[in-house]
Amino acid sequence: MTKRIVVDPVTRIEGHLRIEAEVDDSGMIKKASSSGTMVRGIELILKGRDPRDAWAFAQRICGVCTLVHGVASVRSIEDALKYSIPQNAQLIRNLMIAAQYVHDHVMHFYHLHALDWVDVVSALKADPKATSELAQSISKHPNSSPGYFADTQKRVKEFVESGQLGIFANAYWGHSAYKLPPEANLMAVAHYLEALEWQRDVARILTIFGGKNPHPNFLVGGVPSAISVDVEAKGGITGATAVNMNGLLEVRNIIQKMQKFVDNVYLPDTLAIASFYKDWFKIGGGTGNYLTYGDFPTTSMDDIGSFMIPRGAILNRDLSTIHEVNLNDPEQIQEFVAHSWYDYSGGKQQGLHPYEGETELNYTGPKPPYEHLDTDASYSWMKSPRWKGHAMEVGPLARILMLYANGHEQTKELAGFALNKLDLPLEAMFSTMGRTAARTLETKIIADQMMSWMDQLLANIKAGDVRTFNEKLWEPSSWPAQSKGVGYIEAPRGALAHWAVIENEKLSNYQAVVPSTWNAGPRDAQGQPGPYEAALQDNHHLADVNQPLEILRTIHSFDPCIACAIHMIDPNGEEFLKVKVC
Amino acid sequence: MAENDNLGNLLARRGISRRTFLKFCTALASSMALSPSMVPAMAESLAKAKRQSVIWLSFQECTGCTESLTRSSQPSIESLIFDFISLDYHHTLQAASGFQAEEAREQAMAEHKGKYLLIVDGSIPVAENGVYSTIAGMTNLQMLEDAAKGAMAIVAVGTCAAYGGLPKARPNPTGAVSVTDLIDDKPIINIPGCPPIGEVITGVLAHFLTFGAIPELDTVGRPKAFYGETIHDRCYRRTFYDQGLFAETFDDEGARKGWCLYKLGCKGPVTYNSCATTKWNQETSFPIESGHGCIGCSQPDFWDMGGIYEAVSEPLTDLRGPAVTAVVAGAAAGVAVAAMNKQSKQSAKDRHFKVSSETLDEELKK
Amino acid sequence: MTRLQDIPVNTEITGLDAECNMVDAVLHELKQLLDAYLSSGETGVIDIKSMPLSATDYDSLKQRLGNGEISATASLAGDTEIYETALSGVWWVVHRNIDDRVLAEQLEVGRIPAILCAHDDDIRVARERL
Amino acid sequence: MDTALLIWAKSTGLQWATIIMLLGLTMRVIQILLLGRATDLSEARNSDVMSAGIKTIFRRFVPPQGMLQKGLLVYLSGYIFHIGFFIVLLFFVPHIQLIDSTLGISWPGLRSSLIDAITVVTLLALIVLLLHRVWNPVLKLLSTPEDYLTWALTFLPLLTGYMAYHHMLFEYNTMLALHVLSVEALMIAIPFSKLSHMVTLFLARWYNGAIAGRKGVQS
């Protein structure tokens with residue numbers, strides 16, 4: 001007999017997600033489906049607008065990965081118009097994207113993912129002195145005295161004894177799948193709180209360059225933040241913009257602060273927690289196919305060879321062959337609707353490149369509210385993106401593997417160090433914990449890279465180059481009557497691209513294929529499952545069907561961003577997005 | 001023991017002196033533009049306050065408002081969660097998932113009936129009976145109405161919840177509306193912004209906790225303490241507007257010297273918010289200081305208020321087409337009227353036919 | 001005690017002509033607060049941080065008020081600096097957080113700033129600890 | 001609410017006002033032109049009729065001596081109000097930005113404080129003119145409701161603009177919306193009231209000048 005369990009809402013993610021799973025008597029997941037349940041129709045809202053404004057709308061697809069859609073958007077317009085941007089603008093964008101990575105990954109780990117592994121209530125039983133010893137044994141982080149942990153424990157104790165548990169109420173505390181000793185739990189809780197304070201501080205890089213965070217500002221043709229170093233006071237203000245000498249020094253300080261926290265807290269914590277959950281390096285592997293678009297150019301977006309994160313595809317876990325990827329090739333990236341509530345004019349079995357994308361709604365699912373979906377027919381409002389017909393996983397794991405396969409020195413060294421420490425083979429990366437660890441490793445790599453961009457920016461300014469914006473194609477009257485372009489970015493959650501079509505100075509079509517759609521999309525015509533589906537099918541045994549902690553671990557390891565995944569659905573019909581697993 | 005516990009005792013047990021607390025309240029009052037003379041009374045009443053039950057519902061949103069909340073340093077999210085409020089339901093932050101999460105919400109609603117504070121972010125779609133957004137099988141509409149019944153007051157955080165925001169932008173595909181559009185029997189505080197400044201969100205909450213009442217609001221439901229003046233009024237670049245010094249592009253001399261961004265589309269003159277004074281992320285900067293004009297995100301319908309890079313005084317529609325049509329039509333009408341005038345003049349003339357003596361004779365013979 | 005007419009309010013400031021309006025306003029308000037204190041014992045506070053003072057305004061205000069006999073630092077989750085200005089009974093109070101960022105800045109009028117006084121609740125706790 | 005009104009005023013409202021104004025004005029001008037003139041069969045004393053007409057258009061901007069002496073204040077107020085109105089209209093930076101965005105032409109503006117002062121002077125001049133109309137018995141007798149209406153329609157855009165700038169009465173957005181709406185009311189009234197002299201004055205003067213010129217006299 002199988003039993004169907006429902007998790008709705010899935011919390012500690014961006015957006016609204018529902019998971020249904022069928023488990024057998026032993027608690028093993030046999031079948032699962034995930035469903036996102038909110039839509040806004042941003043694609044329709046964008047039609048007919050000024051392409052230069054599109055970033056602000058697109059950015060509001062998501063407030064967590066708050067800048068990625070903005071960047072993808074300005075890049076798509078720049079690609080369409082063949083609009084080059086000054087090198088300083090490129091460097092500032094790199095710094096902003098990198099800052100977003102470090103910020104987002106740390107917040108994901110501590111505030112969205114950690115409670116899957118850390119039992120807050122168990123922390124009350126910890127000995128602060130032993131906790132201090134543990135902390136000092138794994139890192140040189142200064143906040144590690146017995147008194148520090150005693151204070152944290154006292155605070156948590158007060159809180160629990162007050163009877164009002166607030167956000168910690170009703171969770172799966174005491175679940176048998178929690179394996180950390182009380183001391184490790186207490187250390188993690190202390191760092192949960194520390195990370196809240198830290199993130200507030202480091203988010204300020206985006207504020208200096210973008211004016212605010214969340215939702216910093218961008219600009220087609222460069223960046224909006226004029227550099228005001230050494231500007232005469234006459235008729236103006238010295239250091240009139242946020243990017244003045246103080247601002248630039250502040251950016252340097254924050255980069256150092258980021259590096260320190262990653263090195264002293266995030267990295268050691270990940271390894272420490274992972275060492276107690278080594279079985280999770282055997283659970284939750286995905287499709288085995290990985291895709292990156294590449295990002296962080298040292299010169300320009302046209303020079304793919306200069307990207308720090310390389311572009312490519314890996315199939316069947318074979319790191320020896322990297323396949324070439326072309327975003328404009330109509331045969332490579334295609335979206336399928338075989339199991340989605342859409343029709344294509346050429347038939348449901350067809351795949352379409354985003355430029356030719358169609359959004360013909362055809363809801364054939366049961367009438368809400370319903371109990372179950374018919375997973376043999378259509379069951380999702382998400383399309384299934386495929387690369388040359390393959391279901392691809394995108395995100396930190398894909399990037400770490402791509403860097404590794406390309407022989408990136410630091411990646412090889414870091415991955416080797418981590419795997420060695422945990423006494424695991426490289427294959428262990430293809431798992432739930434591998435995904436979480438890859439996120440930590442790439443955070444370190446990117447944090448370490450930031451200072452070199454910063455130094456280059458400062459060198460340019462010293463040499464008198466303060467250009468941040470190219471005025472040449474700003475006026476819409478200078479544009480061709482028709483153009484189209486693709487803008488892409490390696491977002492923290494994976495490869496993201498926006499395809500824009502411009503006609504007579506206005507947007508006539510706008511399509512985005514986002515990381516969470518790549519990862520969470522339903523099966524295609526061939527019946528190939530998407531990465532969430534494949535991962536949940538892999539070796540998930542639930543210790544307690546009423547507390548399906550194991551599902552949350554694997555789903556959270558992808559860092560779902562559901563508002564992103566269903567931002568664009570044309571909403572003339574009902575809104576359900578269902579991803580069927582297995 | 002939870003019964004007679006209050007914030008003052010909690011702080012005392014944690015070894016936080018009342019001096020420190022007074023300092024905290026001073027900072028709070030300063031950020032809320034409250035009279036400093038109110039601080040001692042405020043500290044006394046806040047010390048006696050119990051942790052307020054808060055239920056936070058997320059509808060058509062992007063989580064930007066929650067992210068912004070976590071950026072607040074005064075008070076910080078940690079102190080808010082641990083000391084001031086009991087955040088009994090919040091999708092993005094809470095540990096529990098699934099039915100346990102829903103249970104927590106229902107429990108809080110029953111236990112604190114009539115006393116909990118309801119916070120909403122995101123707009124509510126009402127087209128097609130609200131199917132465009134559901135949680136745990138309930139539409140947002142049902143969940144809001146349900147939770148509003150027992151709420152003491154409602155706080156609409158972000159422009160989406162306050163005024164409909166991005167989902168409501170033309171052509172509003174999902175029929176998105178604001179909280180005020182749906183609920184009319186509860187006090188509602190709007191904290192608009194896309195997102196609002198973190199300190200403004202927590203500042204308004206702290207005000208509510210301190211005084212147990214909603215602050216003074218403007219005509220569109222915003223606390224006057226934070227939304228009383230336009231960005232333009234308090235902008236450090238205002239003097240350049242008055243002197244007629246404007247940045248013409250994003251990278252010219254004026255842009256680097258901090259001249260006014262009016263011509264580049266800054267919506268500061270028509271936007272009520274405290275970005276220019278409170279600033280963002282621990283007073284680091286705000287959009288204009290970082291070179292980009294204000295996009296007007298705390299105003300109702302700001303997405304349709306004109307292009308981001310169009311000056312406030314520019315028309316929102318193309319006038320050239322209609323103007324040409326009007327001139328052509330006017331010319332045609334002019335010709336037609338003139339022709340008609342001529343005709344009637346002619347016919348009037350014709351009516352004055354000449355009478356000769358012969359015809360007169362003939363007429364008389366009859 | 002300083003008599004009101006003895007307060008050296010000097011309105012001649014060189015090189016700051018355009019800026020001194022705000023400073024004058026603050027001085028005027030101080031005068032009124034001192035009046036109130038002398039007549040009824042009521043203390044008063046001016047919130048400097050929320051006033052639109054320019055950097056020059058701020059400096060000239062500091063100059064105009066000068067330094068008095070007493071200064072103190074209180075460690076209250078970050079330092080709070082307090083000093084009496086050259087005007088007795090007028091105190092300059094700056095609250096900073098642990099990152100040294102200014103949280104609030106005030107001019108307080110009275111015998112002693114409130115933040116320096118111990119609260120009865122704390123005194124009670126102290127008694128219990130003995 | 002406030003923003004909604006502003007958005008309406010700046011889109012639909014402005015569009016219709018523009019259409020009505022241009023349609024009405026073109027219609028009237030075409031009508032006038034098509035009216036034609038009776039052909040003068042007499043021999044012209046001066047054949048350069050065109051330049052005589054154009055000269056008159058400008059010459060009439062200068063007040064005749066006697067009239068100026070008789071009603072100095074009224075004359076002066078009239079000039080101040082007309083000149084002030086056009087300075088404010090054409091040299092306030094936001095107005096230039098509006099013209100630039102629709103016609104693609106722009107010129108340097110004046111600083112806001114100067115515009116502000118000119119607005120006050122213009123408003124005062126208009127008030128003087130109104131008082132003169134009310135206090136002068138002859139003028140009062142001659143005045144029709146249309147005269148008061150057109151006065152108000154001219155006065156309001158200046159007043160609402162001034163009030164919006166200084167955040168008086170309502171919050172800025174509402175006041176700005178009222179300003180735009182008052183301008184639209186003025187635009188709509190132009191072709192259908194005596195305000196159409198804005199355009200027809202040139203035609204009328206040209207005709208007079210041309211006739212006089214043909215006769216070989218100055219007008």
Side-chain angles (χ1 to χ4, degrees), chain A residues 7-11 14 16 37-41 44-45 50 52-53 56 60 62-64 66 115 158-159 162-164 166-171 193 196 200 203-204 207-208 210-215 217 219 224-226 228 231 236-237 240-242 369 467-469 471 552 563 571 574-575, chain B residues 2 5 10 13-14 51 60 62-64 67-68 70-71 73 77-78 81-82 86-88 90-91 93-98 100-101 103-104 131-137 166-167 169 171 173-174 194-195 249-251 255-258 280-281 284-287 289-292 295 307-309:
Chain A
V7 188
D8 185 7
V10 175
T11 57
E14 199 295 321
H16 306 297
T37 56
M38 188 274 281
V39 63
R40 287 170 290 169
L44 284 179
I45 292 168
D50 186 336
R52 297 171 304 176
D53 292 359
R60 268 73 182 180
C62 181
V64 175
T66 173
L115 300 181
E158 289 286 350
F159 185 76
S162 77
Q164 286 179 290
I167 54 167
F168 299 112
N170 253 18
L193 294 172
L196 272 176
R200 189 156 53 229
R204 289 161 57 236
T207 318
I208 291 168
K212 70 201 248 271
N213 172 282
H215 296 325
N217 292 315
L219 186 67
S225 39
S228 64
V231 174
I237 315 166
T241 71
R467 290 187 319 124
T468 46
F469 170 65
E471 203 196 323
L552 293 182
E574 284 87 332
E575 88 311 338
Chain B
D5 218 8
L10 191 77
R13 281 205 301 278
R14 287 230 313 273
R51 282 173 66 219
Q60 281 182 306
C62 73
T63 316
E67 285 281 336
S68 193
T70 68
R71 309 287 193 274
S73 59
I77 178 82
E78 304 93 285
I81 289 175
F82 276 86
S86 177
L87 193 51
D88 292 327
H90 187 303
H91 266 184
L93 297 172
Q94 79 187 130
S97 267
Q100 285 96 339
E103 230 172 59
V131 295
Y132 293 122
S133 184
T134 61
I135 298 162
L166 177 61
T174 58
C194 193
T249 87
F250 287 94
D251 198 20
R256 293 196 193 105
K257 283 184 175 172
W280 279 82
N281 308 92
T284 301
S285 179
F286 73 110
E289 192 173 346
S290 289
H292 196 286
I295 66 169
I308 290 176
Y309 304 103

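Just so it is clear, the values below take in all heavy atoms, side chains as well, and ignore hydrogens, waters and symmetry mates. Labels below follow one simple rule: chain letters A, B, ... track the order of the sequence lines, proteins then strands, and each chain is numbered from 1.
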Q: Would you check if the side chain of D251(B) reaches a backbone N or O of R467(A) as a donor-acceptor pair within less than 3.5 Å?
A: no
Measure the [atom1]-[atom2] distance between [X] and [Y] for me, rounded to the nearest 0.5 Å.
| X | Y | atom1 | atom2 | answer |
| --- | --- | --- | --- | --- |
| R200(A) | T70(B) | CZ | OG1 | 8.0 Å |
| E471(A) | F250(B) | CD | CZ | 10.5 Å |
| S225(A) | H292(B) | OG | NE2 | 10.0 Å |
| N213(A) | S285(B) | CG | OG | 12.0 Å |

Testing the basics here: between [X] and [Y], what is the closest heavy-atom pair and its distance to 0.1 Å?
| X | Y | result |
| --- | --- | --- |
| S290(B) | G210(A) | CB-C, 4.1 Å |
| F168(A) | A95(B) | CA-CB, 4.3 Å |
| F159(A) | R51(B) | CE1-NH2, 3.0 Å |
| E67(B) | G63(A) | CG-O, 3.3 Å |
| I308(B) | D53(A) | N-OD2, 3.0 Å |

Q: Let me know if T66(A) has heavy atoms under 4.5 Å from chain B in its side chain, its backbone, both or neither.
A: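 No part of T66(A) comes within 4.5 Å of chain B.
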**Q.** Check: R204(A)/T284(B) side-chain N/O donor and acceptor closer than 3.5 Å
**A.**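 Side chains of R204(A) and T284(B): pair found under 3.5 Å.
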Q: Mind running side-chain contact (heavy atoms from CB on, under 4.5 Å) on R60(A) and C194(B) for me, showing each step along the way?
A: CA-CA 8 Å; R60(A) 268 73 182 180; C194(B) 193; 3.0 Å; yes
Among [options], residue most engaged with chain B (heavy-atom pairs, under 4.5 Å):
| options | result |
| --- | --- |
| V64(A), L552(A), D50(A) | V64(A) |
| L115(A), I208(A), T207(A) | T207(A) |
| T468(A), L219(A), I167(A) | I167(A) |
| A226(A), A169(A), A242(A), A203(A) | A242(A) |

Q. Does C62(A) reach the side chain of T63(B), with side-chain heavy atoms less than 4.5 Å apart?
A. no
With chain A as the partner, which of [options] has the greatest number of non-hydrogen pairs under 4.5 Å?
| options | value |
| --- | --- |
| D88(B), I295(B), I77(B), T249(B) | T249(B) |
| A104(B), A255(B), S86(B), S68(B) | S86(B) |
| P195(B), A101(B), P167(B) | P195(B) |

Q) Any salt bridge between E289(B) and K212(A), counting N to O under 4.0 Å? A) no
(Q) side-chain contact (heavy atoms from CB on, under 4.5 Å) for H215(A) and C62(B)? Distances and angles first, verdict last. (A) CA-CA 11 Å; H215(A) 296 325; C62(B) 73; 3.4 Å; yes
